[in-house]
Amino acid sequence: MAKAKPRKPKLAVWKFSSCDGCQLSLLDCEDELLAVADAVEIAYFLEATRAQGRGPYDISLVEGSITTPHDAERIHRVRRQSKLLITIGACATAGGIQALRNFKDVDGFISAVYPHPDYIETLRKSTAIHDHVRVDYQLRGCPIDKHQLLDVVGSLLNLRKPNLPDHSQCMECKLQGTVCVMVARGVPCLGPVTQAGCGNLCPTCQRGCYGCFGPKEAPNTTSLGDWLADHGTGRRDVKHLFRSFNAGATAFRRESEARE
Amino acid sequence: MSGRGKTVIGRDGLADLVAILAEDGYRVIGPQVADGAVVYEPLDSADDLPAGVVDDHDGGHYRLRREADGAVFAHVVGPQSWKRYLYPPVQALWRAERHGKGFRVIEEPADDGRDAFIGVRPCDIRAMAVHDRVFDRGDVVDGGYARRRRDAFVVAVNCTRAGGTCFCVSMGTGPAAGEGFDLALTELVGDNGHEFLVEAGSAAGGGVLDRLGGRDATAEDEAAAEAAVGQAAASMGRHMAADAPAVLMANLESPHWDGVAARCLACGNCTMVCPTCFCTTVEDATDLGGQVAERRRRWDSCFAADHSYIHGGSVRRETSARYRQWITHKLATWHEQFGTSGCVGCGRCITWCPVGIDITEEVRTLGGADKGD
Ligand code: SF4
Ligand code: SF4
Ligand code: SF4
């Protein structure tokens with residue numbers, strides 16, 4: 001008997017509290033998009049198609065953080081329907097820029113911003129997906145890097161190890177031959193405590209790394225923060241460096257709190 | 001070798017040298033300024049060389065400034081080393097494509113480019129000799145490295161100024177290149193104008209020297225060159241303790257490792273810029289459809305947790321263990337493994353450490369701890 005053609009893995013893309021930029025990275029894979037569509041069945045991806053294929057799904061990409069009671073309940077349904085759950089972007093992996101609220105009183109924001117605060121139903125904190133359900137892989141970044149996304153999807157389809165190093169951004173600079181902006185120009189840079197993978201965007205433009213890929217493995221934020229403070233960066237500025245896209249990531253949160 | 005003895009060429013001679021090497025089919029790579037540093041990149045002509053540029057080095061600090069004398073090689077070493085060319089950061093090992101039920105390896109065009117390196121410092125020449133022992137040992141040979149190294153043309157430059165983090169004198173590796181070059185230049189800037197003393201160190205170098213103009217060197221020229229190199233020797237920014245290997249091995253359990261770890265970012269910059277660090281990892285990649293697979297080798301660092309990952313976890317989880325691994329290998333156990341130190345005193349790891357951790361200082365502190373003070 002002829003073997004049936006293997007079924008294409010089903011892919012779903014879910015959105016929680018986020019700006020959609022990471023989903024756009026997937027659509028931005030112009031050259032590779034056909035190959036993706038060829039390799040997987042895109043069963044659920046509202047940003048791209050109206051199709052709402054039913055679960056279960058082989059791979060779920062989850063964008064966004066949990067900020068409402070509804071989110072907190074929906075993520076469990078997504079998890080139940082997904083064999084593999086991959087979080088994409090700083091919102092999903094660390095709570096995103098909206099986790100800045102975690103440091104303040106959210107009711108204050110609500111009454112300052114909305115004419116009818118009573119319509120707003122929100123949680124006190126913006127939290128990462130892994131605070132709620134088990135996560136199989138994380139793709140960092142604000143937004144994610146499309147090459148990493150393609151690599152991970154390719155690794156799952158071809159049963160190989162994905163290339164998601166957890167070492168420093170500095171390694172990426174040095175592999176590319178980018179001159180260190182911190183040592184050669186005195187520009188504050190989070191690269192030494194940030195996970196590599198962005199494609200070395202900021203240092204190649206002579207900007208310091210903003211840490212959008214979040215803390216690397218074993219991040220020594222205290223040493224870097226102290227060095228910056230001793231070399232001309234004000235205390236408040238050091239605090240703010242750690243309090244941006246990944247403000248809610250444990251290592252960065254602790255460091256910014258220690259510098260209140 | 002050349003029939004000519006030591007020769008003196010003028011400032012224009014450098015342009016001729018670059019042109020001759022290019023004519024001979026070399027990709028000529030040399031120092032030039034980019035993004036606030038002296039980097040080693042292909043030269044279009046000798047005009048790209050960093051005339052009048054001087055580099056100030058300290059722990060975690062590097063700045064360029066201008067000097068009026070126009071010296072071309074007054075800078076010392078840049079953030080890159082020549083391993084970038086001899087042992088590139090990412091090397092494709094092989095690629096294969098699906099073929100029926102199996103696969104076939106894709107034939108790649110032969111890698112046969114030849115590089116000429118201009119401005120290789122004595123410490124970096126010694127670093128190449130260190131890598132020769134690692135990659136080209138007779139019984140174990142890295143074919144790509146050995147081929148590129150054999151075909152490379154090395155123009156050494158003896159140092160006439162030391163950088164703030166240099167310590168080649170205490171490592172016995174500089175500031176003059178004794179051997180290991182095709183040509184060696186010493187820059188002479190003074191009342192007699194701007195000239196270079198040139199010496200051939202190989203038959204290939206002699207052949208090039210024969211085609212360069214210039215005049216025979218006089219005893220005065222040689223004395224001037226010696227004095228210039230002497231200035232570099234007298235102005236070393238750093239010094240490595242002579243008993244470093246013993247100090248390290250006697251202090252493997254020192255509490256000082258935790259002290260370093262409090263500062264160390266485990267970022268790996270030191271190993272990336274070091275001209276002798278050679279660790280790599282292997283990565284596999286595929287296209288989405290699984291038709292083409294590639295295996296590549298990329299520089300890795302003993303400061304990365306993954307580097308010591310074996311089944312179940314990383315062996316060196318603490319940064320203290322990673323720093324200790326690096327410095328003891330570099331300065332002590334390298335001797336047992338390769339019969340030489342793994343450090344050539346170039347100072348790059350000090351300058352390019354984002355928090356200025358100083359290998360010579362750490363050894364001194366450990367040595368002090370050893371004596372109980
Ligand atoms: S520019 Fe930033 S990321 Fe790059 S090596 Fe320097 S400190 Fe590291
Ligand atoms: S250990 Fe540091 S000083 Fe020694 S060769 Fe390496 S980079 Fe240069
Ligand atoms: S010694 Fe410096 S350059 Fe090396 S890993 Fe530690 S912080 Fe990074």
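In the text below, chain A, chain B and the rest are named by the order of the sequence lines, each starting its count at 1.
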Kindly compute the distance separating [atom1] ([X]) from [atom2] ([Y]), expressed to the nearest 0.5 Å.
X: B/R317; Y: A/E217; atom1: CZ; atom2: CD; value: 10.5 Å
X: A/E32; Y: B/D287; atom1: CD; atom2: CG; value: 11.0 Å
X: B/T271; Y: A/K174; atom1: OG1; atom2: NZ; value: 10.0 Å
X: A/H167; Y: B/H307; atom1: NE2; atom2: NE2; value: 12.5 Å
X: B/W352; Y: A/C170; atom1: CH2; atom2: SG; value: 12.0 Å
X: A/Q176; Y: B/R84; atom1: CD; atom2: CZ; value: 8.5 Å

Report which part of [X] has an atom under 4.5 Å of a heavy atom belonging to chain B: side chain, backbone, both, or neither.
X: A/V36; value: both
X: A/R160; value: side chain
X: A/V179; value: side chain
X: A/Q169; value: neither
X: A/L150; value: both

Worksheet item: Pick from A/N158, A/L157, A/V40: which one makes a side-chain contact (heavy atoms from CB on, under 4.5 Å) with B/L288?
Response: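 Considering A/N158, A/L157, A/V40, a side-chain contact (heavy atoms from CB on, under 4.5 Å) with B/L288 is found only for A/L157.
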For [X] against [Y], the heavy-atom pair lying closest together:
X: B/L265; Y: A/P192; value: CD1-CB, 3.5 Å
X: B/C267; Y: A/S168; value: O-OG, 2.6 Å
X: A/L175; Y: B/W299; value: CD2-CB, 3.6 Å
X: A/G177; Y: B/Q80; value: O-NE2, 3.7 Å

Worksheet item: Can any side-chain N or O of B/R63 pair as donor or acceptor with the backbone N or O of A/V183 at less than 3.5 Å?
Response: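 At least one qualifying donor-acceptor pair exists.
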Worksheet item: Does the side chain of A/N220 reach to within under 4.5 Å of the side chain of B/T319, using non-hydrogen atoms?
Response: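 Answer no - side chains too far apart.
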Worksheet item: Considering only heavy atoms from C-beta outward, does the side chain of A/N163 approach that of B/R298 to under 4.5 Å?
Response: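 Contact flag for A/N163/B/R298 side chains = no.
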Segment of [X] engaging chain A (4.5 angstrom heavy-atom cut-off):
X: B/A293; answer: neither
X: B/R263; answer: both
X: B/T281; answer: neither
X: B/V355; answer: both
X: B/A262; answer: backbone

